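Written out below as structure tokens is the structure these notes cover.
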Amino acid sequence: MSGSAPPLALDPALLARIADLELAARLIVEGARLGAHRSPYTGSGAEFQQMRPYLPGDDLKHLDWKHYARTDRLFTRVYRETTEWPVMLAVDTSHSMAFADGRGVTKLQVSTLLAAALTYLLVQQGEAVGLVSHGAEVGEALPARTGRPHLVRMLGALSRTRAEGGTDLSAGLRRAAARLGRRGCVALISDLYGAEDVQPALREARRMGHEVVVFHVLTPEERDLVARGDVEFVDLETGDRLVADATRIRDAYAERVATFISEQERFATTEGITFVEAGTGRGIDDVLRAFTQQRAAQAGGWR
């Protein structure tokens, strides 16, 4: 979880109240760029895009020495990658995603906002992005496309998502990977309940040559049991109920959850999957910033 509270305008609880999903996405993306030091597209692209003042950390081989000779000022040549790398967003819409944190923010609301921000960012950069939402069955499904009209379609589909039914993450993930048609990126946004079924599908996507990213969405209340005394626990997907003394099971509960999370992270590391913690208590702009920095360190942008 982020070490400090997110800026007021980018708090998930406030963003979730914005009716205009595109506005929320734009706020998140612009917030994530605050303090950015370099473009993920500075480097090996084939198409020259622009020049900008040199920033510490820029690759020295992209300095424009002729411009420096004329002006005595350092500028970096920025390139645009021209090879399309399509991205499919796979958003978990099973009923467990309806669980809300103490501020009333559900995991699905955060997932939708994150997916909208990723869509806005990718379309703005000229990338193709698509969507598969899935619970027990596939909901919304859009192929990876570029352009403003497609952005509007994507945001419309995301605004219609509802958390309901059981979980079949593997089917949704396989459909997302198959719809790419060629090498690209599959980004799963989920609480990963039922992870034992989705891990083979994640592994298959990697072996198909796709980059795979997992955004893990949990609430603080799921990580740490803060309730006291007898509590009735309800499985949102099966309806099963269990009454337990929260005070007595707190330590064992926290240990089980920590083990669950570490197992998902370990699996991701082993399979070459990017794993990003994206809980409801973390600013979504912070999630995007952490993700882009992690990707830039690994492979430079989305590639």
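Starting from 1, each residue takes its place in the sequence as its number. All values below were derived from every heavy atom in this structure, side-chain atoms included, with hydrogens, water molecules and symmetry-related copies excluded. Worth saying up front: this structure is predicted, and the values here are computed from it rather than measured.
Separation of atoms CG (D197) and CG (L192) is listed at 12.0 Å; rounding is to 0.5 Å. The CG atom of L218 sits 13.0 Å away from atom CZ of R282, with the distance rounded to the nearest 0.5 Å. Here E30 contributes atom CD and L121 contributes atom CG; the two are 11.5 Å apart, rounded to the nearest 0.5 Å. From T280, atom OG1 reaches atom CG of D101 across 3.5 Å, with rounding to the nearest 0.5 Å. Remark: K107 NZ to T219 OG1 distance equals 6.0 Å, nearest 0.5 Å.
Contact annotation: the side chain of Q264 approaches that of Q199 to within less than 4.5 Å [non-hydrogen atoms, C-beta and beyond]. Using a 4.5 Å heavy-atom cutoff, the side chains of V123 and V129 are in contact. I273 places a side-chain heavy atom less than 4.5 Å from the side chain of F267. Looking at T112 and S159, their side chains never come closer than 4.5 Å, going by heavy atoms from C-beta outward. The shortest distance between side-chain heavy atoms of L151 and P149 does not fall below 4.5 Å. Between V110 and P12, the closest side-chain pair of non-hydrogen atoms falls below 4.5 Å.
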Quick one, V257 with E222, criterion side-chain contact (heavy atoms from CB on, under 4.5 Å). Give me CA distance, side-chain angles, the key distance, then yes/no. CA-CA 8 Å; V257 173; E222 289 173 294; 6.0 Å; no
Before giving the answer on side-chain contact (heavy atoms from CB on, under 4.5 Å), spell out for T93 and R162 the whole-Å C-alpha distance, their side-chain angles and the decisive distance to 0.1 Å. CA-CA 6 Å; T93 57; R162 299 291 183 270; over 6 Å; no
Could you walk me through whether Y120 and L155 pass side-chain contact (heavy atoms from CB on, under 4.5 Å), step by step? CA-CA 9 Å; Y120 183 89; L155 296 181; 5.7 Å; no
Before giving the answer on side-chain contact (heavy atoms from CB on, under 4.5 Å), spell out for D286 and F291 the whole-Å C-alpha distance, their side-chain angles and the decisive distance to 0.1 Å. CA-CA 8 Å; D286 189 36; F291 168 65; over 6 Å; no
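Among residues two or more places apart in sequence or in another chain, the ring-ring contact (aromatic ring centres under 6.0 Å, His included) test is passed with F275 by H216. Considering only residues two or more places apart in sequence or on other chains, E204 meets the salt bridge (charged side-chain N to carboxylate O under 4.0 Å, His left out) condition with R174. Listed by chain and number, the residues in a side-chain contact (heavy atoms from CB on, under 4.5 Å) with A115 are L89, V91, L158, I189 (sequence neighbours excluded). Residues passing the side-chain contact (heavy atoms from CB on, under 4.5 Å) test with V152 are R148, sequence neighbours excluded. Residues passing the salt bridge (charged side-chain N to carboxylate O under 4.0 Å, His left out) test with R175: none are found, sequence neighbours excluded. Evaluation of the side-chain contact (heavy atoms from CB on, under 4.5 Å) rule for D224 yields no partner, not counting sequence neighbours. Scored by the side-chain contact (heavy atoms from CB on, under 4.5 Å) test, A157 finds L131, E140, L142, R160 as partners (sequence neighbours excluded). By the salt bridge (charged side-chain N to carboxylate O under 4.0 Å, His left out) test, R179 pairs with no residue at all, sequence neighbours left out. In this structure S190 satisfies the side chain to side chain donor-acceptor pair (under 3.5 Å) test together with D92, sequence neighbours excluded.
Heavy atoms only, all atoms of each residue included: V217 and S111 are closest at CG2-OG, 3.7 Å. When all heavy atoms are compared, the tightest approach of S96 to D191 is OG-OD2, 2.7 Å. The two residues A116 and L21 come nearest to each other via the heavy atoms CB-CG, 3.7 Å. Considering every non-hydrogen atom in both H95 and A163, the closest pair reads CD2-O, 3.4 Å. Here the closest heavy-atom approach between residue M97 and residue T106 is recorded as O-CB, 3.8 Å. When all heavy atoms of I28 and A117 are compared, the closest pair comes out as CG2-CB, 3.7 Å.
Using a distance-only test at 3.5 Å, with no hydrogens or angles considered, no donor-acceptor pair links the side chain of S94 to the main chain of G165. A side-chain donor-acceptor contact under 3.5 Å links E277 to the backbone of G279.
Residue pairs meeting the salt bridge (charged side-chain N to carboxylate O under 4.0 Å, His left out) criterion with at least one partner in residues 260-275, sequence neighbours excluded, are R203-E271. Screening residues 149-185 for ring pair (Phe, Tyr, Trp, His ring centres under 6.0 Å) gives no qualifying pairs among residues at least two apart or on separate chains. Residue pairs meeting the salt bridge (charged side-chain N to carboxylate O under 4.0 Å, His left out) criterion with at least one partner in residues 64-73, sequence neighbours excluded, are D64-R77.
With respect to F215, the side-chain contact (heavy atoms from CB on, under 4.5 Å) criterion is satisfied by exactly one of L288, V287, L188: V287.
Cluster annotation: M208 is not connected to V212 through the hydrophobic network of ILVMFWY side chains, with a link wherever side-chain heavy atoms come within less than 4.5 Å.
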